[in-house]
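Here is how names work: the chains are called A, B, and so on, in the same order as the sequence lines, proteins then strands, and each is numbered from 1. Just so you know, these numbers use all the heavy atoms, side chains as well, and skip hydrogens, waters and symmetry mates.
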Amino acid sequence: MLNDKKIAPVFALVDGNSFYASCEKAFRPDLRDRAVVVLSNNDGCVVARSAEAKLLGIPMGAPLFQIQKDIRQHGIVVFSSNYELYADMSARMMAAIASLTPRIEVYSIDECFADLTGMADRQALGTLIRRRVHQWARIPTCVGIGHSKVQAKLANHIAKKNKDWNGVCNLVDMPDAQRDALLAEIPAGSIWGIGRKLSAHLQTMGIRTALQLRDADKGTIRKRFGVVVERICRELAGHSCLALSDVSEPNQQIIRSRSFGQLVTDKMALQAAVSTHVCSAVAVLREQGTLASVINVFIDTNRFREQDVQYHGSKSAALAHPSSDTLQFNQLAMQLLDDIYQPGYLYKKAGVMLAGIETGTRLQADLFAQHDTPERDKLMQTLDALNTRYGRGTVQLATAMQNEDWRMCREKLSPCYTTRTEDLLTI
DNA sequence: TCTGGGGTCCTAGGACCC
DNA sequence: TCTGGGGTCCTAGGACCC
């Protein structure tokens with residue numbers, strides 16, 4: 001039953017503009033008006049572009065080698081991705097937003113939903129959030145405000161597209177006619193949750209804009225697209241279906257994988273890569289207080305090299321008992337790698353996936369669990385403590401260190417200004 | 001020469017159970 | 001000849017997100 005007394009929920013979506021590029025600019029005032037791009041791991045593709053770089057027409061996802069000419073011609077400044085820096089900047093940004101709102105849900109590294117339900121003067125609050133994030137983290141943001149998450153996302157999109165909004169678009173305190181006019185301008189494919197496939201499908205039904213989707217017949221939408229799209233329709237109309245969740249649930253799967261800096265044939269290099277990924281994935285298990293029972297190991301050739309014979313090896317196995325012990329998982333992973341490794345291929349990527357994840361820090365007492373002894377637990381705790389205190393990778397497995405051929409190349413890496421004393425900015 | 005990484009949710013279909 | 005009706009769990013695959 002709809003309760004008239006109940007206050008309608010209000011969400012804000014705060015999103016960092018060109019987040020990675022803005023993080024790089026934050027410590028380089030000399031780059032303020034320069035075009036900056038940030039590359040994916042291995043300096044492969046463009047994953048972030050400053051406003052200036054967007055204006056130059058650098059597309060998202062472009063491989064570096066395809067835009068070398070533009071880089072030289074326009075003097076675009078290029079950075080390798082520095083996730084250590086971005087993660088820390090993200091934490092600062094979220095802290096600033098949390099200091100002004102009762103509850104936030106961190107949705108990704110560069111955006112969060114905030115609960116504005118019942119708060120007065122939302123427009124001014126949006127402006128205040130932008131100002132504080134800039135003050136604390138030097139990150140420019142846009143704020144979208146709506147009665148649902150989808151509306152807040154959409155408002156954010158509008159604020160980003162048009163400077164006239166001064167970074168804050170508030171769909172809640174706005175005349176219906178104005179809101180409808182805005183929705184009529186937005187292509188359905190720009191709505192959160194409507195991707196390429198769905199937007200093509202919607203188009204065949206004559207639904208091209210956010211307004212048309214909002215007003216589409218719910219029954220028809222439900223029948224043809226399922227509950228997901230029906231929910232988006234309702235959210236567009238301002239009926240909140242997706243709640244704010246400010247407690248983070250543990251992951252259901254943990255994946256660690258990397259492309260190699262060069263092609264690899266040597267099994268030792270694959271072992272080193274897989275071992276490194278096992279360490280990092282299992283450390284996440286312990287960090288979030290969970291155990292896993294299943295591990296998958298996979299290795300891939302380079303699918304872009306059509307002249308090479310392609311191979312994808314993948315195999316899973318389960319431990320007898322759920323665990324968060326690095327050594328156990330590593331042993332099993334090495335066996336799986338033995339099974340899938342085929343000599344003669346040119347490998348480009350390796351990874352591991354943990355699944356069957358459940359809550360519980362310590363194992364239940366089990367007569368047959370030989371490995372998860374209190375001593376082994378202590379060892380893992382010590383490992384985590386050392387790596388936290390002295391930096392990731394301070395203590396590694398020997399299998400992870402036997403070969404370096406697979407390491408990423410990150411030629412344009414910036415300093416970790418905020419997390420390493422040796423990288424502190426000097427003026 | 002050179003092309004990222006890590007997630008979530010939903011659905012359909014099969015196995016199995018009572 | 002005639003052969004129910006639910007339910008759960010698991011998995012693979014699709015679609016989407018940043």
Indicate whether OP1 or OP2 belonging to dC17(C) is found under 4.0 Å from a side-chain N or O atom of K153(A). no
Given the C1' atoms of dG4(B) and dC17(C), what is the spacing between them in whole Å? 15 Å
Select one nucleotide: of dC17(C), dA15(C), dT3(B), the one nearest the side-chain heavy atoms of L198(A). dA15(C)
From C-beta outward on P63(A), which listed nucleotide comes closest to its side chain: dG7(B), dT3(B), dC18(C)? dT3(B)
d(CD, Q66(A); P, dG4(B)) in whole Å: 11 Å
Does a side-chain N or O of R305(A) approach OP1 or OP2 of dC2(B) to a distance below 4.0 Å, or not? yes
Any idea how F113(A) and Y107(A) line up, ring-wise: parallel (<30°), tilted (30 to 60°), or perpendicular (>60°)? perpendicular
Does I109(A) reach a base, just sugar-phosphate, or nothing at all? Heavy atoms under 4.0 Å. nothing
Between W406(A) and F260(A), how do the two ring planes meet: parallel, tilted or perpendicular, split at 30° and 60°? perpendicular
Among residues 255-274 of chain A, which ones have heavy-atom contacts with DNA chain B below 4.0 Å? I255(A), R256(A), S257(A), R258(A), S259(A)
Quick one: do D88(A) and T419(A) satisfy side-chain hydrogen bond (donor to acceptor under 3.5 Å, both in side chains)? Show the steps, please. CA-CA 7 Å; D88(A) 189 68; T419(A) 50; over 6 Å; no
Closest to the V228(A) side chain: dC10(B), dC18(C), dA15(C)? dC10(B)
Report the distance from atom OG of S90(A) to atom OH of Y20(A), rounding to the nearest 0.5 Å. 9.0 Å
Of the nucleotides dC18(C), dG4(B), dT11(B), which has the atom closest to the W192(A) side chain? dC18(C)
So, does N251(A) get its side chain near the phosphate of dG7(B), meaning an N or O under 4.0 Å from OP1 or OP2? yes
Which of these, L213(A), I191(A), I207(A), sits in a side-chain contact (heavy atoms from CB on, under 4.5 Å) with C233(A)? L213(A)
Which part of the nucleic acid, if any, lies within reach of E111(A) when heavy atoms closer than 4.0 Å are counted: base, sugar-phosphate only, or nothing? sugar-phosphate
From C-beta outward on S108(A), which listed nucleotide comes closest to its side chain: dC18(C), dG4(B), dG5(B)? dC18(C)
Roughly how many Å is it from CZ in R72(A) to C1' in dC2(B), rounded to a whole number? 13 Å
In terms of side-chain heavy atoms, does D115(A) have a donor or acceptor partner in T101(A) at a distance below 3.5 Å? no
Set out, in order, the CA-CA distance, both residues' side-chain angles and the distance that settles salt bridge (Lys or Arg N to Asp or Glu O under 4.0 Å) for E111(A) and K153(A), then state yes or no. CA-CA 10 Å; E111(A) 64 189 280; K153(A) 274 285 225 180; 2.6 Å; yes
May I ask you to evaluate whether K348(A) reaches the phosphate of dT1(B), defined as a side-chain N or O under 4.0 Å from OP1 or OP2? no
Kindly say if N302(A) contacts the phosphate of dT3(B), meaning a side-chain N or O under 4.0 Å from OP1 or OP2. yes
List the steps and the verdict of side-chain contact (heavy atoms from CB on, under 4.5 Å) for L85(A) and T418(A). CA-CA 7 Å; L85(A) 174 66; T418(A) 59; 4.1 Å; yes
For atom CZ of R410(A) and atom C1' of dC2(B), their distance in whole Å: 18 Å
Do you see a donor-acceptor pair shorter than 3.5 Å between the side chains of R286(A) and T326(A)? yes
Dot-bracket for DNA chain B, please, read 5' to 3', with Watson-Crick or G-U wobble pairs under 3.5 Å on both distances, ( ) within the strand, [ ] crossing, | other strand, . unpaired. ....||||||||||||||
Nearest-Å distance, CZ (F65(A)) to P (dG4(B))? 10 Å
Could you give the distance from OH (Y341(A)) to OG1 (T265(A)), rounded to the nearest 0.5 Å? 6.0 Å
Please report, rounded to the nearest Å, how far the P atom of dT1(B) is from the CG atom of N42(A). 18 Å
Base, sugar-phosphate, or nothing for I194(A), non-hydrogen atoms under 4.0 angstrom? sugar-phosphate
M353(A) CE - dG5(B) P separation (whole Å): 13 Å
Need one value for D43(A): base, sugar-phosphate or nothing, where a base atom within 4.0 Å counts as base even if backbone is also close, heavy atoms only. nothing
Nearest-Å distance, CG (L285(A)) to P (dG6(B))? 15 Å
Does dC10(B) have OP1 or OP2 under 4.0 Å away from a side-chain N or O of R231(A)? yes
Nearest-angstrom distance from the residue atom CZ of R224(A) to P of dG14(C): 20 Å
Give a yes or no on this: more than 12 heavy atoms of other residues, nucleotides or ligands lie within 6.0 Å of atom NZ of K315(A). no
Upstream residue (5' side of DNA chain B) when Q252(A) and N41(A) are each assigned their closest nucleotide: N41(A)
